[in-house]
Amino acid sequence: LSDACRREGDRWGEALVALLGGIVQLSKGEVAVPDLDRAARIFEDLGAGVLQTLAHGYLALAAAVAGDLDLAARSAHQARTLALLLDVPGAAGLAALALGRVLHDEREAARGQDLLERMGTWEWHRMVGTASPGRQGHAPAGPRPVKQTPRSGTEGATGNGSTVSPLTG
């Protein structure tokens, strides 16, 4: 599909296919860096800042999975900066989650969890980016709204008496 978009000069289609394909690959624990990097570059060329920001957030998680911690940190910082400028809380959550995992920083990861919980996507995102490349079926099929539970003051509270670390899912 991406080749057809490229052949037809459909940059929007190419970028969207790369973004969605990269997210699916990442959710399966497959290498997603090339697709997400391409999506971020094309969205930047198109002036689509919000989608560029989202692509950088997922690229940060994908790079961490692939073991490229430098790219993960750079992409996370780029996503965070753009997310603050453009008010894109989902990308800010992805950036914080990626930085928390790359830097082994529980507070940063908990910030990412909090932002993603507010959007109702934490249950899906907590698993994304925790699999090693090639590991199949690690995350659910896609984001879905979750019932919000009051925070007990304990980071990672699940509402059922157990806790989940934002770093490990």
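A continuous path of hydrophobic side-chain contacts links V33 to L36 [ILVMFWY only; heavy atoms under 4.5 Å].
For the side chain to side chain contact (heavy atoms under 4.5 Å, CB included) test, residues two or more places apart in sequence or in another chain that qualify with A83 are T53, V88, A91, A92. Here A40 pairs with A55, H56 under the side chain to side chain contact (heavy atoms under 4.5 Å, CB included) rule; sequence neighbours left out. Applying the side chain to side chain contact (heavy atoms under 4.5 Å, CB included) test to L84 and every residue at least two apart in sequence or in another chain returns R80. In this structure, Q78 has no side chain to side chain donor-acceptor pair (under 3.5 Å) partners at least two apart in sequence or on a different chain.
Within 6.0 Å of atom CG in L1, 12 or fewer heavy atoms from other residues, nucleotides or ligands are found, so the atom counts as exposed in its surroundings.
Sorted by first and then second residue, the salt bridge (Lys or Arg N to Asp or Glu O under 4.0 Å) pairs involving residues 47-65 (not counting sequence neighbours) form an empty list. For residues 49-63, the set of pairs meeting the salt bridge (Lys or Arg N to Asp or Glu O under 4.0 Å) definition, not counting sequence neighbours, is empty. Every pair passing side-chain hydrogen bond (donor to acceptor under 3.5 Å, both in side chains) that includes a residue from residues 61-74 is listed here, sequence neighbours excluded: D70-R74.
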Counting only pairs under 3.5 Å, give me each side-chain donor-acceptor contact of residues 12-19, with atom names and distances, residues two or more places apart or in other chains.
unit_1	atom_1	unit_2	atom_2	d
E14	OE1	R11	NH1	3.4
E14	OE2	R6	NE	3.0

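At a threshold of 4.0 Å, the pair D114-R118 counts as salt-bridged, since one of the basic side-chain nitrogens sits closer than that to a carboxylate oxygen. A salt bridge between R41 and D45 is absent, with no side-chain N of the basic residue lying under 4.0 Å from a carboxylate O of the acidic one.
Here the shortest heavy-atom pairing between E123 and M127 reads O-CG, 4.2 Å. Closest approach of A72 and A63 over heavy atoms only: N-CB, 3.5 Å. The shortest non-hydrogen separation linking E117 to W122 is CG-CB, 3.5 Å. Between A60 and A76, the closest heavy-atom pair is CB-N, 3.5 Å. Annotation for V31 and P34: closest pair CG1-CD, 4.0 Å, computed over non-hydrogen atoms.
The line from NE2 of H104 to CD of E106 is 11.0 Å long, rounded to the nearest 0.5 Å. Atom CG of residue D37 and atom CG of residue L71 lie 7.0 Å apart, to the nearest 0.5 angstrom. Separation of atoms CG (L99) and CG (L94) is listed at 11.0 Å; rounding is to 0.5 Å.
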Intermediate values then yes/no, side chain to side chain contact (heavy atoms under 4.5 Å, CB included), L97 and R126: CA-CA 9 Å; L97 184 59; R126 74 183 182 97; over 6 Å; no

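In this structure, L61 and R101 have side chains that are in contact, with non-hydrogen atoms separated by less than 4.5 Å.
Summarising the hydrophobic clusters (Ile, Leu, Val, Met, Phe, Trp, Tyr; side-chain heavy atoms under 4.5 Å, direct or chained), the residues clustered with V24 are none.
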